[in-house]
Amino acid sequence: MNEIGTLEAIDIAGILRLIPHRYPFLMVDRIVGIRGDDFAIGIKNVTVNEPQFQGHFPGNPVFPGVLLIEGMAQTAGVICMQVLGRQGAGAAPYFLTIDKAKFRRPVYPGDTVEYHMTKTARRKNMWWYRGEAKVAGQIVAEGEVGAIINNI
């Protein structure tokens, strides 16, 4: 962590320590630009060998929009769990709400998705975030997600 409270990055090992998701349902590979639980960018490298492409438009693989929303939620969950530290030991984030989801353009294998997550509210063990999924600087999806952390 640097002097202004920004954690530079969380790698895949750190993500696996903080949330219970595992392959094939882990939708974030790295998290960068973390500012407490206020903001972070999750990174997802989309590859053609992922299992969803076997059935989501074979011959024209398109990354499912619902998985973009899941990636946003996982990014938010990681930063919440990071902030909780030891208090969050044994806890897990669960989806609470999905609102105002919009899908702007398809995401394909070879794309790198950035999940830009900004906290909008927190009450006790509940967090709400506004997210934008971007590829090459262009918004591909957006929405608002909420989560509750159990056992804290």
Side-chain angles (χ1 to χ4, degrees), residues 1-47 49-52 63-105 107-152:
M1 195 175 286
N2 68 23
E3 64 277 356
I4 59 170
T6 300
L7 183 65
E8 295 301 321
I10 299 175
D11 63 11
I12 191 66
I15 291 168
L16 294 173
R17 278 192 302 275
L18 292 167
I19 62 174
H21 305 79
R22 297 295 181 264
Y23 180 83
F25 210 68
L26 186 61
M27 296 295 136
V28 62
D29 300 320
R30 182 174 176 80
I31 299 182
V32 298
I34 302 162
R35 293 192 306 262
D37 64 348
D38 291 325
F39 179 80
I41 299 171
I43 307 293
K44 166 69 175 151
N45 295 304
V46 180
T47 62
N49 61 337
E50 295 179 50
Q52 61 269 15
F63 194 76
V66 69
L67 296 183
L68 293 170
I69 300 298
E70 178 66 24
M72 290 181 201
Q74 288 180 17
T75 299
V78 169
I79 60 177
C80 292
M81 297 304 292
Q82 176 76 21
V83 164
L84 289 174
R86 289 186 182 182
Q87 180 186 359
Y94 289 93
F95 247 133
L96 193 61
T97 62
I98 305 168
D99 295 301
K100 300 179 183 173
K102 295 181 181 172
F103 305 97
R104 304 291 183 192
R105 77 162 192 82
V107 173
Y108 300 103
D111 286 342
T112 297
V113 180
E114 295 181 355
Y115 304 114
H116 294 250
M117 303 304 297
T118 303
K119 181 175 71 175
T120 57
R122 178 183 179 189
R123 277 182 243 128
K124 297 184 182 184
N125 63 335
M126 296 177 286
W127 277 262
W128 289 267
Y129 285 85
R130 167 130 175 71
E132 293 179 339
K134 297 180 179 183
V135 172
Q138 299 295 310
I139 297 174
V140 296
E142 60 188 297
E144 297 173 0
V145 296
I148 187 166
I149 312 297
N150 74 336
N151 297 331
I152 61 166

Item to complete: Mind running side chain to side chain contact (heavy atoms under 4.5 Å, CB included) on Asp11 and Arg30 for me, showing each step along the way?
Response: CA-CA 5 Å; Asp11 63 11; Arg30 182 174 176 80; 4.1 Å; yes
Practice prompt. Say whether, by atom type as modelled, one donor and one acceptor occur between the side chain of Gln74 and the main chain of Phe25 under 3.5 angstrom.
Written response: yes
Discussion item. Quick one, Leu16 and Leu26 - any side-chain contact, counting heavy atoms below 4.5 Å?
Written reply: yes
Fill in: Where Phe103 and Ala141 come nearest, the two heavy atoms and their spacing
CD2-CB, 3.8 Å
Fill in: Lys44 vs Val28 side-chain heavy atoms within contact, under 4.5 Å
no
Worksheet item: Are any non-hydrogen side-chain atoms of His116 and Lys134 less than 4.5 angstrom apart?
Response: yes
Discussion item. Measuring only between side-chain heavy atoms, which start at C-beta, is Pro109 closer than 4.5 Å to Thr47?
Written reply: no
Worksheet item: Is there a donor-acceptor pair closer than 3.5 Å between any side-chain N or O of Gln138 and the backbone N or O of Val135?
Response: no
Item to complete: I would like to know whether Leu84 and Asn125 meet side chain to side chain contact (heavy atoms under 4.5 Å, CB included); could you show each step before the answer?
Response: CA-CA 10 Å; Leu84 289 174; Asn125 63 335; over 6 Å; no
Response to the item:
Closest non-hydrogen contact found for Trp127 with Asp37 is NE1-OD2, 2.7 Å
Worksheet, complete the sentence: Residues Asn150 and Ala92: closest non-hydrogen pair is OD1-N, 2.7 Å
Worksheet item: Given Glu142, which of Lys100, Arg105, Lys102, Arg104 fulfils the salt bridge (Lys or Arg N to Asp or Glu O under 4.0 Å) condition?
Response: Arg104
Worksheet item: Which heavy atom in Val107 sits nearest to a heavy atom in Leu68, and how many Å separate them?
Response: CG2-CD1, 4.0 Å
Worksheet item: Is Thr97 reaching over with its side chain to a backbone N or O of Gly146, donor-acceptor style, under 3.5 angstrom?
Response: yes
Worksheet item: Ignoring hydrogens and geometry, is there a side-chain-to-backbone donor-acceptor pair from Asp111 to Val113 under 3.5 Å?
Response: no
Response to the item:
Correct closest heavy-atom pair for Met81 and Gly88 would be CE-O, 3.5 Å
Worksheet item: So Leu67 and Gln52, side chain to side chain contact (heavy atoms under 4.5 Å, CB included) or not? Walk me through it.
Response: CA-CA 9 Å; Leu67 296 183; Gln52 61 269 15; 3.9 Å; yes
Practice prompt. Write down the atom of Tyr115, the atom of Thr75, and the distance for their closest heavy-atom approach.
Written response: CD1-OG1, 3.6 Å
Worksheet item: Hey, does Glu114 have a side-chain heavy atom less than 4.5 Å from the side chain of Ile43?
Response: yes
Fill in: Val46 side chain reached by Tyr108 side chain, heavy atoms, under 4.5 Å
no
Fill in: side chain to side chain contact (heavy atoms under 4.5 Å, CB included) between Glu144 and Trp128, worked out
CA-CA 7 Å; Glu144 297 173 0; Trp128 289 267; over 6 Å; no
